[in-house]
Amino acid sequence: MEKIISPRGTKDILPSESSLWQFIEAKAIETFSLAGFEEIRTPIFEHTQLFSRAVGESSDIVNKEMYTFTDRSDRSITLRPEGTAGVARAFIEHSLDRGSRPQKLWYRGPMFRYERPQTGRYRQFYQIGMEAIGLEAPFIDLEVIKLAYNFLQELGIENLTLAINSIGSAASREAYRQQLLAFLSEYQDDVCDDCKRRMQQNPLRVLDCKVPEDQALYKNAPLIQDSFDEESKQIFMQMKTGLEALGISYTIDSSLVRGLDYYSHCVFEFKTDDKGLGQQSTVLAGGRYDNLISELGGVSSPAVGWALGMERIAYLLEAKKFPETKRVYIISDSAIEASKLAHQLRFDAKVLVEYDFEEAKVAKQMNKALKRNASHGIFYLEDERKSGSYLVKDFQAKAEFNLTSYTELLSFFAGDSV
RNA sequence: GCAGCCGUCGCCAAGUGGUUAAGGCCCCGGGUUGUGGUUCCGGUAUUCGCGGGUUCAAAUCCCGUCGGUUGCCCCA
């Protein structure tokens, strides 16, 4: 029979890895809750229309990367390729603009894009993201970036650089687009095929081209900052001075424009220089999207947010060591008695307890205990039960303790460290 | 979507046209009568990702397909 394997671009997170994922999520819950951000869970699939309108018809995501299908009632359904659109839809649907502003939300979960899988890039991948919706105060951008920064620090990820840029207000960006296109029209026939396509689809991307000959041509291209209106200039300035005041170092990357249509003003990315992730150096990215909510039919609600790729984070954390916890294995000639003791200890001492289901020989149970990475063994055989005692073995210290009551046993396992 | 490389047991692999496809790790069973990952004995691929073709003969050559990987595009 043919073996069934997971579909292309998907992967299982096995127990050897899941503790790391739990660690990441626990840190997210902690960091974001302390800042008053609350979790929102939206559906994994939405009406296709939501994404084509929110993410933008011209984006690659909508053009060639969506997992779209027709359901049994002929509705066009799409597996969400990113988190912001669903959050925005929920914000409008439940009139969250009537709540306190800004609404401070975060989310986690799988996203889907039909792409060629590569290291650090999957068809089903997991993101953690946050959105602050309802106010345009630039201090919110700073708060959101600072939280990203703190979160990454809490996780213990180092060597990330923050790149920021401003793409200005929608009006100033449109003005720039015209200027840029006028400039590019001179070179229309000289540039690479990719750039020809970019001119049609997303002219700002042209400046990011990797072909050296093209780069030489673009040297004299107009700068987006030069087309900024007063408001755009001021917002970007506040951004920069704010980051400096918060002690967050950054670089300005004028080629940073982001792939999604809904962004405006501040955009940013945290990147790693770890080569192991291949071309996927961006670990967290986001920006401001002041018009998305109104474009989707909601009350005008400026917003800012970001998302990070959990696989990429997990990759960077793989080598990290986690603090050891106590792990107890009961060695007994009676699975029933061992089970009773295990359940009691789990609830009374909040310690991880396992035991043997096979009533194997003592030497064998010792081996199993070690194989389970136990830190302690409790000998609990007929002799011990008769005398009401527990022989505790510390596997690391290679020491034995004869405890003569359950109370003594409990106090032995009190506390967190091994 | 395009181009290159790769695919032998759960893992690491030897084998590159010719009798029964090495080896190591892990795993499983057994021996050492209530104490340590040791040791000893034994077991585990009718088959080389899958399908087809060439040949007297294929894991080895050819075609296709699936999957992985690297680069491009793009992106978290």
Side-chain angles (χ1 to χ4, degrees), chain A residues 1-11 14 16 55 58-65 80-84 107-129 148 192-198 201-202 205 208-211 256-260 268-272 275-287 305-316 329 331-333 358-374 376-384 391-400:
Chain A
M1 195 164 68
E2 203 180 318
K3 219 181 356 180
I4 297 175
I5 57 173
S6 71
R8 183 161 215 206
T10 66
K11 69 163 196 166
L14 298 174
S16 57
V55 178
S58 73
S59 69
D60 273 28
I61 289 180
V62 170
N63 270 316
K64 52 177 199 184
E65 294 173 1
R80 62 183 186 193
E82 55 96 57
T84 302
Y107 61 85
R108 54 175 154 168
M111 307 294 164
F112 304 84
R113 288 182 204 171
Y114 195 93
E115 290 184 278
R116 188 76 190 262
Q118 261 178 48
T119 308
R121 179 192 290 184
Y122 301 90
R123 287 185 172 179
Q124 173 171 339
F125 59 101
Y126 291 79
Q127 287 190 334
I128 292 178
C192 70
D193 289 347
D194 284 328
C195 278
K196 283 176 188 145
R197 188 180 44 80
R198 289 185 185 112
Q201 277 186 359
N202 194 346
R205 285 231 159 266
D208 206 8
C209 182
K210 289 189 182 71
V211 179
L256 181 58
V257 296
R258 319 256 54 246
L260 315 182
F268 56 91
E269 280 185 5
F270 284 87
K271 296 177 167 204
T272 176
K275 294 288 175 283
L277 274 172
Q279 297 311 108
Q280 282 62 246
S281 60
T282 302
V283 150
L284 182 153
W306 52 255
L308 69 76
M310 286 187 74
E311 287 81 2
R312 294 179 187 180
I313 294 289
Y315 174 86
L316 295 175
Y329 201 96
I331 291 152
S332 178
D333 51 1
E358 295 181 301
E359 301 183 342
K361 289 176 189 163
V362 170
K364 187 127 204 168
Q365 291 194 37
M366 281 290 286
N367 278 326
K368 287 192 183 188
L370 293 165
K371 211 157 264 176
R372 294 296 293 169
N373 261 319
H376 295 82
I378 301 176
F379 283 78
Y380 190 56
L381 294 104
E382 206 182 341
D383 287 354
E384 280 81 14
L391 183 61
V392 174
K393 188 136 187 151
D394 182 327
F395 290 127
Q396 268 102 68
K398 302 193 175 185
E400 282 186 6

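Being a predicted model, the structure only gives us computed values, none of them experimental. Computed over heavy atoms, backbone and side chain alike; hydrogens, waters and symmetry mates excluded.
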Query raised in the report: Checking all strands, does A:Gly286 fall into the base, sugar-phosphate, or nothing category for heavy-atom contacts under 4.0 angstrom?
Result: nothing
Query raised in the report: Taking the P atom of each, how far is B:G43 from B:C2, in whole Å?
Result: 50 Å
Report summary line: As its Watson-Crick or G-U partner within any shown strand, both distances under 3.5 Å, B:G36 has none
Requested in this report: Could you check which nucleotide pairs with B:G18 in any of the strands shown, counting Watson-Crick or G-U wobble with both distances under 3.5 Å?
Outcome: B:C56
Requested in this report: Would you kindly give the CZ-to-P distance between A:Arg8 and B:C50, to the nearest whole Å?
Outcome: 18 Å
Report task. Please name the residue in the list A:Thr272, A:Leu284, A:Val283 that meets the side chain to side chain contact (heavy atoms under 4.5 Å, CB included) test with A:Arg312. Result -> A:Val283
**Report entry** Nucleotide forming a Watson-Crick or wobble pair with B:G23, both distances under 3.5 Å
**Finding:** B:C12
Query - Check: A:Arg108 side chain, A:Gln127 main-chain N or O, donor-acceptor pair, under 3.5 Å - result: no
Query raised in the report: Between A:Glu82 (side chain) and A:Met111 (backbone), is there a donor-acceptor pair under 3.5 Å?
Result: no
**Report entry** Taking every non-hydrogen atom, the tightest pair across A:His376 and A:Asp394
**Finding:** NE2-OD2, 3.7 Å
Query - Span that lies between the C1' atom of B:G23 and that of B:A13, in whole angstrom - result: 8 Å
Requested in this report: Could you work out the separation of B:U69 and B:G36 based on their P atoms and round it to a whole Å?
Outcome: 44 Å
Query raised in the report: Under 3.5 Å, is there a donor-acceptor pair linking the side chains of A:Thr282 and A:Glu269?
Result: yes
Report summary line: Taken to the nearest 0.5 Å, the spacing of A:Arg8 CZ from A:Tyr114 OH works out to 7.5 Å
Requested in this report: Hunt down the Watson-Crick or G-U wobble partner of B:G42, both distances under 3.5 Å, from any strand shown, or write none.
Outcome: B:C28
Query - P spacing across the pair B:U38 / B:C25, given as an integer number of angstrom - result: 10 Å
Query raised in the report: So how far is it from A:Leu308 CG to A:Ile128 CD1, rounded to the nearest 0.5 Å?
Result: 5.0 Å
Query raised in the report: Taking the same atom, P, in B:C61 and in B:C72, what whole-Å distance lies between them?
Result: 30 Å
Query - Pair A:Lys368 + A:Glu358: basic N to acidic O under 4.0 Å - result: yes
Requested in this report: Let me have a per-nucleotide readout for nucleotides 32-44 of chain B, 5' to 3', with B, S or -, counting only protein heavy atoms under 4.0 Å.
Outcome: S-BBBB-------
Requested in this report: Show the numbers, then the answer: is there a side chain to side chain contact (heavy atoms under 4.5 Å, CB included) between A:Phe379 and A:Gln365?
Outcome: CA-CA 10 Å; A:Phe379 283 78; A:Gln365 291 194 37; over 6 Å; no
**Report entry** Euclidean distance for C1', B:U54 against B:G67 (whole angstrom)
**Finding:** 26 Å
Query raised in the report: Quick one: what's the B/S/- string for nucleotides 70-76 of chain B, heavy-atom cutoff under 4.0 Å, read 5' to 3'?
Result: SBBBBBB
**Report entry** Partner nucleotide, any strand, of B:C74 [Watson-Crick/G-U, under 3.5 Å]
**Finding:** none
Query - Pair partner, B:U65 [Watson-Crick or wobble, under 3.5 Å] - result: B:G49
**Report entry** Span that lies between the C1' atom of B:G7 and that of B:G15, in whole angstrom
**Finding:** 15 Å
Requested in this report: Determine the interatomic distance between P on B:G10 and the same-named atom on B:U32; round to the nearest Å.
Outcome: 32 Å
Query raised in the report: Do the side chains of A:Arg123 and A:Pro117 get nearer than 4.5 Å, heavy atoms only?
Result: yes
